[in-house]
Amino acid sequence: MAGIGEVLRLEFSGPNRVSDAASAWRELVGEASIVDQVGVPGTGLIAFGTFAFADDSAETSVLIVPRVVVGHRGNRSWVTLVHAEGEPAASVEVAQRAFGDEFRVRLVPGELPPAAYQDAVAQAVARIDAGELSKVVLARQIRGHVSPDADIRRVLDHLSRGYPDTWTFAVDGLVGSSPETLVRVADGAVSARVLAGTASRGVDAAADRGNAEALTHSEKDAEEHALAVRSAVDALEPHTSTLEASAEPFTVKLPNLWHLATDLEGTVDDGSGALDLVAAIHPTAAVAGTPREAAVRVLAELEGFDRGRYAAPVGWIGADGDGEWAIALRCAHVSPEGEITAWAGCGIVHDSDPAAELAETVMKFRPIVDAFG
Ligand SMILES: C=C(O[C@H]1C=CC=C(C(=O)O)[C@@H]1O)C(=O)O
């Protein structure tokens, strides 16, 4: 789905940013007149959103109602036009605009450069061994600059072609290809894909299979993964009458790496919409750690920077509360001045090795490094 223009932009911040957005959206929908002749997920009135990771982030969280939405799902395509009361109805001009000039950006270490990152991982392991927490996800940054007129659709095009099995998104300057579904709600059904545990791709088919096999048998990755699944299940259970998880974690193959994955599927039984569940589930142990509060405190201390909208919910919400939200991973923020910040992080548990975790961030940066480079 692509949104063009902005009819309305709602901004939120602070610890209740997601639940405030859910309430504001309900109120807005209650006053809107909606004609939806298609009736598939994403048609009718929708908003795109991107939230800040941390309660005390300086970054705003937004819901944006576009003036025009062009959508495609399965064999259905649609156009939605939105206008504010008293304003003329939007109109669509179907015109294809060629891409702007090519550009190449070299992204270099930003906050928490490689040596400092390894140091932070070692400190995290020491704090885990001391019993302060069981898992913490630590991220580092890379940065660059692009001309403010650069056509970022080139980055999106690169990502969506290169990573077709992920959620490619661009919302309010945040662009990326995330493999992780935070929560999807459709007609009372909720689903999520929890990812945690990573291995490199092999140099040939046999080595590749070997790496995937080793990932499924790695105790370190199993522990990291189990904590992420537990946090998602604990957050969703109070809102569901049934909630099933895949019997065993399975491997997901991406062009740059392997992940361990667990799918969750359930039935919502308390009228929660997608944003209500996002409020309940964010941040999972796939991006923060366990226990959640200690992990959020320790990661902020060890990283020493504001994560902005990295590792936070990005997606869309519909008028009926259905929607699809991913975790903003494998992404970069491009400011209106062209400043690019990208992040990648790893789940740290007691037997994490700083050099291996650093190498994992390099793999996780690859989609963004290639798309800009
Ligand atoms: C925190 C990130 O990935 C998470 C999702 C999948 C696997 C992860 C891991 O193996 O550490 C992380 O939990 C990131 O890509 O920045």
In terms of side-chain heavy atoms, does S13 have a donor or acceptor partner in T60 at a distance below 3.5 Å?
no

From CA spacing to verdict: side-chain contact (heavy atoms from CB on, under 4.5 Å), W258, D208:
CA-CA 9 Å; W258 289 96; D208 203 30; 2.9 Å; yes

Which value, rounded to the nearest 0.5 Å, describes the distance between I64 atom CD1 and R9 atom CZ?
4.5 Å

Mark yes when over 12 heavy atoms from residues, nucleotides or ligands other than D270 sit less than 6.0 Å from its CG; otherwise mark no.
yes

Got a salt bridge between E224 and K220, using NZ or NE/NH1/NH2 to carboxylate O under 4.0 Å?
yes

W343 vs I368, side-chain contact (heavy atoms from CB on, under 4.5 Å): CA-CA, chis, key distance, verdict:
CA-CA 9 Å; W343 305 260; I368 284 296; over 6 Å; no

In Å, rounded to the nearest 0.5 Å, how long is the span from CZ of R140 to OG1 of T361?
3.5 Å

Within the side chain of Q141, is there an N or O that forms a donor-acceptor pair under 3.5 Å with the backbone of E111?
yes

Residues A274 and I317: closest non-hydrogen pair is CB-CD1, 4.0 Å

Nearest heavy-atom neighbours spanning H225 and V194:
CE1-O, 3.5 Å

Give the cluster check for V38 versus V79: same hydrophobic cluster or not, with ILVMFWY residues linked at side-chain heavy-atom distances below 4.5 Å.
no

Do other residues, nucleotides or ligands put more than 12 heavy atoms under 6.0 Å from R76 CZ?
no

Treating Ile, Leu, Val, Met, Phe, Trp and Tyr as nodes and any side-chain heavy-atom pair under 4.5 angstrom as an edge, say whether V268 and V29 lie in one connected cluster.
yes

What is the minimum heavy-atom distance between A294 and E132, and which atoms define it?
CB-O, 4.1 Å

For the atom pair CG (D36) and CH2 (W78), what is the distance rounded to the nearest 0.5 Å?
9.5 Å

Return the minimal non-hydrogen interatomic distance between S61 and A52, and the atom names on each side.
OG-N, 2.9 Å

Quick one: are R330 and T166 in side-chain contact, heavy atoms under 4.5 Å?
no

Are L63 and L182 connected, step by step, through hydrophobic side chains (Ile, Leu, Val, Met, Phe, Trp, Tyr) whose heavy atoms are closer than 4.5 Å?
yes

Hey, does the side chain of D20 reach the backbone of F12 with a donor-acceptor pair shorter than 3.5 angstrom?
no

If you measure only the distance, is there a donor-acceptor pair under 3.5 Å linking the side chains of S231 and T284?
no

Is a donor on one side and an acceptor on the other found under 3.5 Å between the side chain of D322 and the backbone of D187?
yes

Measuring only between side-chain heavy atoms, which start at C-beta, is E357 closer than 4.5 Å to L138?
no

Side chain proximity check, H259 to T198, heavy atoms < 4.5 angstrom
yes

Do NZ/NE/NH1/NH2 and the carboxylate oxygens of E213 and R209 come within less than 4.0 Å?
no

Got a sec: does the CD of E87 have more than 12 other heavy atoms crowding it under 6.0 Å?
yes

Evaluate whether atom CG of D204 has more than 12 neighbouring non-hydrogen atoms of other residues, nucleotides or ligands under 6.0 angstrom away.
yes

Would you say V369 and M363 are hydrophobically clustered, going by side-chain heavy atoms of ILVMFWY under 4.5 Å?
no

Polar side-chain atom of H83 near backbone of E85 as donor-acceptor pair, under 3.5 Å:
no

Please round to the nearest 0.5 Å and tell me the distance separating atom CG of D353 and atom SG of C346.
11.0 Å

Please evaluate residues F365 and L107 with respect to the criterion side-chain contact (heavy atoms from CB on, under 4.5 Å), reporting the C-alpha separation (whole Å), side-chain torsions for both, the decisive distance (0.1 Å), and the verdict.
CA-CA 10 Å; F365 276 129; L107 296 165; over 6 Å; no

What's the shortest heavy-atom distance between S160 and T168, and which atoms?
CA-OG1, 3.6 Å

Tell me the closest heavy-atom pair linking A199 and N211, and the distance in Å.
CB-O, 4.0 Å

Find out whether R193 and V252 are in side-chain contact, i.e. whether some heavy atom of one side chain is under 4.5 Å from a heavy atom of the other.
yes

Looking at CZ of R292 and CG of L133, how far apart are the two atoms once the value is rounded to the nearest 0.5 Å?
14.5 Å

Side chains of D276 and H239, heavy atoms from C-beta outward: is any pair under 4.5 Å?
no

Euclidean distance, L195 CG relative to T181 OG1, rounded to 0.5 Å
7.5 Å

Donor-acceptor contact present, side-chain W25 to main-chain G318, <3.5 Å
yes

Let me check something: do V233 and V183 share a hydrophobic cluster, defined by ILVMFWY side-chain heavy atoms less than 4.5 Å apart, either directly or through other members?
yes

R73 side chain to P41 backbone, donor-acceptor under 3.5 Å
yes

Is L275 close to F51 at the side-chain level, that is, under 4.5 Å between some pair of heavy atoms?
yes

Candidate pair E219 and D351, rule side-chain contact (heavy atoms from CB on, under 4.5 Å), full reasoning:
CA-CA 9 Å; E219 273 181 35; D351 45 2; 5.5 Å; no

Check this for me: E301, atom CD, are more than 12 non-hydrogen atoms of other residues, nucleotides or ligands nearer than 6.0 Å?
yes

Do any N or O atoms from the side chain of K135 and from the backbone of L227 form a donor-acceptor pair under 3.5 angstrom?
no

With a 3.5 Å cut-off and no angle check, do the side chains of E59 and S57 form a donor-acceptor pair?
no

Say whether, by atom type as modelled, one donor and one acceptor occur between the side chain of T43 and the main chain of G39 under 3.5 angstrom.
yes

Measuring only between side-chain heavy atoms, which start at C-beta, is H282 closer than 4.5 Å to R17?
yes

Are any of the side-chain heavy atoms of L329 and W167 separated by less than 4.5 Å?
no

Just wondering, are more than 12 heavy atoms of other shown residues or ligands nearer than 6.0 Å to CD in E339?
yes

